[in-house]
Protein chains: 2
Amino acid sequence: MDAIDLNLVDLLRTNARLSYAELARQVGLSAPAVHERVGKLETSGVLRGYRADVEPEAVGLGVTALIGIVEDSGADTDDVLAAFRKMPEIESCYFMAGVESFLLKARVGTIAELEQLIVRLNRTPGVASTRTGIALSTKWENRPRPVSPPAA
Amino acid sequence: MDAIDLNLVDLLRTNARLSYAELARQVGLSAPAVHERVGKLETSGVLRGYRADVEPEAVGLGVTALIGIVEDSGADTDDVLAAFRKMPEIESCYFMAGVESFLLKARVGTIAELEQLIVRLNRTPGVASTRTGIALSTKWENRPRPVSPPAA
DNA sequence: ACCTTCCGTGGACGCGATCGACCTCAACCT
DNA sequence: AGGTTGAGGTCGATCGCGTCCACGGAAGGT
C-alpha cells in the first residue's frame, strides 16, 4: 500500500469504470503494472467490488428511513442479524454501542411499505423495540473521502 | 426504463466494471445497443456514477460514527449544510424529520479524530447540539437491492 | 399506404486488456 | 565482494472490446 496504490484507490472510488490504460496514465505507470496492482488490491480485500451509484427515486425507492433497534435481553444477536439480512430493504446495518444494538438504513417505495417493514422488524424474535426516523432528503451519501495526499 | 434497463442497472450495481460485451450477453442484446442504453441511463441521471467499494479499515478509517444534529431555532439550514459539506469525514448526510434535523455518518481514523470532529460540529453556527453513536462494526453497507424481477 | 421515429443489428477499425519475456534494483546469503 | 532471489517494473504481441456508422424492421401517426 504505497502512494500509488492509494492514488489508484482514490481514482477508482471516484470512477470505477476507468480503463487500466487511463489509470496507468494518471499514476504514471504502464497498463500491465496497474493491472497487477489493482488485482492485488482486490485479492487482498482493499477493493471489495465496484458498484454503480443509482438514483434511488429512479428505481422506485423514494422513502429512506433510519431505524434503531433495541434487542431483548438475552436475544441471540446472530439470529437477529440473520433475520435482518433476509430483508432486502435494509441497505446498511451497523452494530452500535448504546441501548440500541443496531442502526439500520432502509429504503422502500412507499410509506405503506415502510410500515410493513417496521411491523416485520418488531415481530422478529430478539427485537424488543424499534425507533424509526424518516429521511426527508438525502443530501449526499457515501461521498468518497480522498485518502491520498493531493498531488500538490 | 423497461425491464432490460432495470436488468442493466442491477448488473452494474453488483459489478460496475462489467464490459459492455458482457452486459450485452447477460441481457441478450448487442454491445452497441447496451452502450446506448447505459449512456441514456447516465445522462438521464439514473446512473449517477460508478464507485469502488473500499474496505475502510484498509485506508485508515477504522472508526464509524452516526451523529444526530439539533439545529438552533432560526438557524440557516443551508449554511449548516454548507459547513457539513466541507468536512470530508462526513460520508453521508440525511435531512431528517424530527427534533434532530440531520443525521450524519462519519468515518475517521481514531477516537481522537472523532472527538475533534464533534467539537467542530458543536462549534459550527446553527448547531445547537449533537448526539453521537459509535458503530462497533459495520455488518453491511449499501447492499444493492435487486430492482428487476428475478429471471425465474 | 406512406412516412417518420425509435430501437435494434452487423461490420469495421482502432484502442485497451492481458500474457509472456525480459530488465532492474534491493535485500540477503555466503 | 559477488551471486542469488524475488518483487515489481517495461515492452511487444495478440486478441477481444468499445465505439462509430450504415442499414433494417416494427409501431404509430396522418
Side-chain angles (χ1 to χ4, degrees), chain A residues 1-61 142 144 146-152, chain B residues 1-61 142 144 146-152:
Chain A
M1 280 295 280
D2 60 3
I4 292 183
D5 280 338
L6 290 176
N7 217 321
L8 287 172
V9 167
D10 271 353
L11 289 167
L12 285 170
R13 217 137 71 130
T14 359
N15 182 2
R17 278 183 80 78
L18 286 175
S19 68
Y20 290 113
E22 184 57 31
L23 292 171
R25 276 187 286 272
Q26 302 267 344
V27 302
L29 286 181
S30 66
V34 169
H35 188 255
E36 188 179 341
R37 274 173 180 265
V38 172
K40 282 181 185 170
L41 288 170
E42 285 169 357
T43 60
S44 73
V46 177
L47 291 173
R48 290 187 295 204
Y50 307 95
R51 321 235 167 282
D53 179 12
V54 174
E55 175 79 39
E57 282 85 358
V59 293
L61 297 175
N142 305 121
V147 79
S148 83
Chain B
M1 279 294 281
D2 61 4
I4 292 183
D5 281 338
L6 291 176
N7 217 322
L8 287 172
V9 167
D10 272 351
L11 288 166
L12 286 170
R13 217 137 73 127
T14 324
N15 182 1
R17 280 183 79 78
L18 286 175
S19 68
Y20 290 114
E22 183 57 30
L23 291 171
R25 275 187 286 272
Q26 302 266 344
V27 302
L29 287 180
S30 66
V34 168
H35 187 255
E36 188 179 340
R37 275 172 179 265
V38 171
K40 282 182 185 167
L41 288 170
E42 286 169 357
T43 59
S44 73
V46 177
L47 292 173
R48 290 188 294 205
Y50 307 95
R51 323 234 165 283
D53 178 12
V54 174
E55 175 80 39
E57 281 87 357
V59 293
L61 296 175
N142 304 123
V147 79
S148 83

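Excluded from the calculations below are hydrogen atoms, water molecules and symmetry mates; all remaining heavy atoms, backbone and side chain alike, are included. Residue numbers begin at 1 in each chain, while the letters A, B, ... track the order of the sequences.
Here the side chains of A:Gln26 and A:Asp10 are not in contact, with every heavy-atom distance at 4.5 Å or above.
In the region residues 14-29 of chain A, proximity to DNA chain D at under 4.0 angstrom, judged on heavy atoms, holds for A:Leu29. Residues of residues 31-40 of chain A having a heavy atom closer than 4.0 Å to DNA chain D, listed by number: A:Pro32, A:Ala33, A:Arg37, A:Lys40.
Judged as a side chain to side chain contact (heavy atoms under 4.5 Å, CB included), and not counting sequence neighbours, the contacts of A:Arg17 are A:Asn15, B:Leu12, B:Tyr20, B:Tyr50. In this view, B:Ser19 and B:Ala21, B:Glu22 satisfy the side chain to side chain contact (heavy atoms under 4.5 Å, CB included) rule, not counting sequence neighbours. Every side chain to side chain contact (heavy atoms under 4.5 Å, CB included) that A:Ser30 has, sequence neighbours left out, goes to A:Pro32, A:Ala33.
Residues A:Leu11 and A:Leu18 approach most closely at O-CD1, 4.0 Å, considering heavy atoms. Nearest heavy atom pair, residue A:Ala52 against residue B:Leu47, reads CB-CD2, 3.9 Å. What you find for B:Ala24 and B:Val34 is that their closest heavy atoms are CA-CG2, 3.5 Å.
On the nucleic acid side, DNA chain D contacts chain B at distances under 4.0 Å to non-hydrogen atoms, with the end points of that region at D:dC17 to D:dC20.
For the residue pair B:Asn142 and B:Asp53, no side-chain donor N or O sits within less than 3.5 Å of a side-chain acceptor on the partner.
B:Arg13 places no side-chain N or O within donor-acceptor distance of the main-chain N or O of A:Arg51, the cut-off being under 3.5 Å.
No option in A:Leu29, A:Leu8, A:Asn7 other than A:Leu8 meets the side-chain contact (heavy atoms from CB on, under 4.5 Å) test with A:Leu23.
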